[in-house]
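By convention in this document, chain letters (A, B, ...) are assigned in the order of the sequence lines, proteins followed by strands, and residues within each chain are numbered from 1.
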Number of protein chains: 2
Amino acid sequence: MTRPLGDRIRVQFERQILSGDLPPGARLPTEQEIMARFGCSRMTVSKALSALATAGLIERRKRAGTFVARPRVHSMVLEVPDLAPLIAARGQTYAFRLDRSEELAVREGHLAGRPARHLVGVHFADRQGIAVEDRLVSLAAVPDIARADLAREAPGTWLLRHVPWTEADTRITAVGAAPQEASLLGLSPGDPCLCVERRTWRGRDPITFVRQVFRGDSYELVAHFGPGAS
Amino acid sequence: MTRPLGDRIRVQFERQILSGDLPPGARLPTEQEIMARFGCSRMTVSKALSALATAGLIERRKRAGTFVARPRVHSMVLEVPDLAPLIAARGQTYAFRLDRSEELAVREGHLAGRPARHLVGVHFADRQGIAVEDRLVSLAAVPDIARADLAREAPGTWLLRHVPWTEADTRITAVGAAPQEASLLGLSPGDPCLCVERRTWRGRDPITFVRQVFRGDSYELVAHFGPGAS
DNA sequence: TAGTGGTCTAGACCACATG
DNA sequence: ATGTGGTCTAGACCACTAC
């Protein structure tokens with residue numbers, strides 16, 4: 001049960017960095033010194049340090065050496081849960097109701113100029129509307145969307161199983177509920193809602209644009225930053 | 001200007017996967033076959049495929065082979081910009097005003113039972129309040145906080161330079177502005193605001209808890225998912 | 001210019017899971 | 001049982017850059 005040597009090297013420096021023992025800007029030993037200390041070949045040391053560099057914990061500069069990176073403020077991992085299991089986990093019953101489905105030519109956005117299916121619906125938890133969804137799906141990229149049974153399965157869930165995206169942008173804002181949204185969600189107009197807008201691609205082909213408006217009091221997003229594996 | 005061989009191997013499979021040429025579940029050639037095709041050693045192939053595996057694009061199983069991974073829905077990279085440069089980039093003038101600074105013993109949360117400094121202040125863009133901030137900073141972890149000049153530099157910026165965190169949780173919700181918040185931000189009570197709550201640690205020591213309430217009409221968060229490097 | 005990391009080789013032994 | 005990936009070695013040459 002002895003862990004790989006490269007892992008032990010990586011974990012040792014990981015610990016020293018996270019504990020503050022090696023503060024940001026500190027210099028690590030050279031590969032030669034680490035080789036000698038662990039009695040291993042240079043390739044093993046190189047792979048261990050490369051992993052730390054990929055993870056952003058260290059920064060390597062030729063001729064100068066290897067240094068503990070200044071922490072990057074600007075990136076955390078955002079959890080993007082699927083609504084159905086999330087609501088089921090709360091002990092509530094999930095449902096989706098499709099209110100509109102039509103074809104149209106998109107005028108703007110990353111789907112501009114393409115024929116698309118326009119889908120509007122509501123996500124429910126125990127008969128309480130918790131989110132309204134307005135979606136465009138490229139017919140060129142997803143011709144099968146016409147045959148999908150979207151009466152109960154949310155378009156997002158269906159899409160994910162049939163045409164998983166490889167690239168996505170998400171924009172998160174707070175908005176006041178529009179009158180129609182408010183009535184669907186059982187709110188008063190202007191009540192705070194979380195608005196999530198997402199554009200997705202597969203390779204370079206745009207797939208879908210979706211705008212989801214969630215009741216502010218029953219939905220939250222969670223993000224995490226940390227060393228991750230260890 | 002010839003790219004490293006390992007990179008070329010990695011990029012080739014990356015492209016085939018993202019284009020859908022190699023769909024999820026498809027099997028990649030064995031390392032032996034790739035060695036032969038590129039005329040390189042096995043180590044080079046191994047490093048290229050390991051990088052793809054770390055990135056989550058492929059999955060490697062002994063005796064079975066290497067396969068294109070089923071895409072993971074549930075994680076995107078959330079950009080967490082520092083407010084000052086963000087506002088400067090808009091061509092506005094940034095300022096922070098500290099309204100309260102006191103010591104207290106925290107009762108709940110990840111700082112429970114610890115003495116802390118309680119800081120309340122407002123972020124401004126061109127004299128318009130755009131966010132109110134309520135923060136607790138552990139005195140045990142950051143004794144220097146007492147000496148910090150927080151009159152103009154936001155506590156978050158100061159903290160980042162002096163005690164960078166290594167781990168953080170963020171919760172994003174939509175809330176209605178409380179009366180006091182509304183008056184500070186020039187809103188009416190109940191107007192939609194984006195609420196960001198973050199807990200941070202350095203190693204296992206809790207550092208700070210912060211709740212920021214942003215004007216819904218002048219702040220947004222952006223997240224991205226994609227192959228990243230290429 | 002000398003020391004650092006970046007990359008690569010041509011082997012090797014091992015663990016493991018599948019056929 | 002066998003073929004796959006996991007890891008490691010003991011070298012090597014090169015590019016870059018801080019000294």
Side-chain angles (χ1 to χ4, degrees), chain A residues 1-17 22-70 72 228-230, chain B residues 1-17 22-70 72 228-230:
Chain A
M1 177 41 214
T2 167
R3 293 180 64 170
L5 184 49
D7 277 12
R8 267 181 283 158
I9 296 174
R10 179 176 56 77
V11 166
Q12 176 198 302
F13 287 110
E14 210 169 68
R15 269 208 298 253
Q16 292 186 0
I17 292 170
L22 281 172
R27 180 174 171 170
L28 273 65
T30 66
E31 293 190 347
Q32 296 291 342
E33 291 167 332
I34 300 174
M35 283 172 61
R37 184 191 305 175
F38 285 86
C40 66
S41 76
R42 194 182 150 212
M43 194 66 180
T44 304
V45 175
S46 173
K47 276 182 58 175
L49 295 188
S50 292
L52 289 176
T54 298
L57 274 180
I58 63 174
E59 186 182 326
R60 314 195 72 189
R61 291 200 298 273
K62 290 176 188 175
R63 170 73 211 201
T66 300
F67 302 85
V68 179
R70 314 275 172 181
R72 323 172 332 223
S230 64
Chain B
M1 177 40 214
T2 167
R3 294 180 62 168
L5 184 49
D7 277 11
R8 268 182 281 157
I9 296 175
R10 178 175 57 76
V11 166
Q12 177 198 300
F13 287 111
E14 211 169 71
R15 270 209 297 252
Q16 291 187 1
I17 292 169
L22 281 172
R27 180 174 170 169
L28 272 65
T30 66
E31 293 190 347
Q32 297 291 341
E33 290 167 332
I34 300 174
M35 283 172 60
R37 182 189 306 174
F38 285 86
C40 66
S41 76
R42 195 182 150 212
M43 195 65 182
T44 305
V45 175
S46 173
K47 275 182 59 175
L49 294 188
S50 292
L52 289 176
T54 298
L57 274 180
I58 63 175
E59 187 180 326
R60 314 194 74 188
R61 291 200 297 275
K62 288 176 188 172
R63 170 73 209 201
T66 300
F67 302 85
V68 179
R70 314 274 171 182
R72 324 168 333 223
S230 64

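Nucleic acid contact class of B:T66 (heavy atoms, under 4.0 Å, all strands): sugar-phosphate only.
Side-chain atoms of A:L52 and A:F13, non-hydrogen and from C-beta on, do get closer than 4.5 Å to each other. A 4.5 Å side-chain heavy-atom check between A:E33 and A:T30 finds at least one atom pair inside the cut-off. Considering only heavy atoms from C-beta on, A:V68 stays 4.5 Å or farther from A:P23 through its side chain.
Rounded to a whole Å, the CD1 atom of B:I34 is 12 Å from the C1' atom of D:dT4. At whole-Å resolution of the value, CG in B:L28 and C1' in D:dT4 are 14 Å apart. Taking atom CZ of A:F38 as the reference point, atom P of D:dT7 lies 16 Å away to the nearest angstrom. For the pair B:R61 CZ and C:dA17 P, the computed distance is 11 Å after rounding to whole Å. Atoms CG (B:D7) and C1' (C:dC8) sit 13 Å apart, rounded to a whole Å. Between the C1' atom of C:dT18 and the CZ atom of B:F67 lies a distance of 11 Å, rounded to the nearest Å. Protein atom CZ of B:R3 is 16 Å distant from nucleotide atom P of C:dG6, rounded to whole Å. For the pair A:Q32 CD and C:dG3 P, the computed distance is 11 Å after rounding to whole Å.
For B:T44, a side-chain nitrogen or oxygen approaches OP1 or OP2 of C:dT9 to under 4.0 Å. Look at A:R60 and you'll find a side-chain N or O under 4.0 angstrom from OP1 or OP2 of C:dG6.
For A:R63 against C:dA2, a side-chain N or O and a base N or O form a donor-acceptor pair under 3.5 Å.
Comparing A:K47 and B:R27, the nucleotide of DNA chain D nearest to each residue sits closer to the 5' end for B:R27. Both A:A64 and A:G39 sit near DNA chain D, but only A:G39 has its closest nucleotide nearer the 5' end.
Comparing D:dC16, C:dT18, C:dT9 by their nearest atom to the side chain of B:L5 picks out C:dT9. Distance from the side chain of B:E31 is smallest for D:dG6 among the nucleotides D:dG6, C:dT18, C:dG5. Distance from the side chain of B:P4 is smallest for C:dC8 among the nucleotides C:dG6, D:dT4, C:dC8.
Taking a 6.0 Å sphere around CZ of B:R15, one finds it holds 12 or fewer heavy atoms contributed by other residues, nucleotides or ligands.
In this structure a side-chain-to-backbone donor-acceptor pair under 3.5 Å is present from A:R27 to A:A64.
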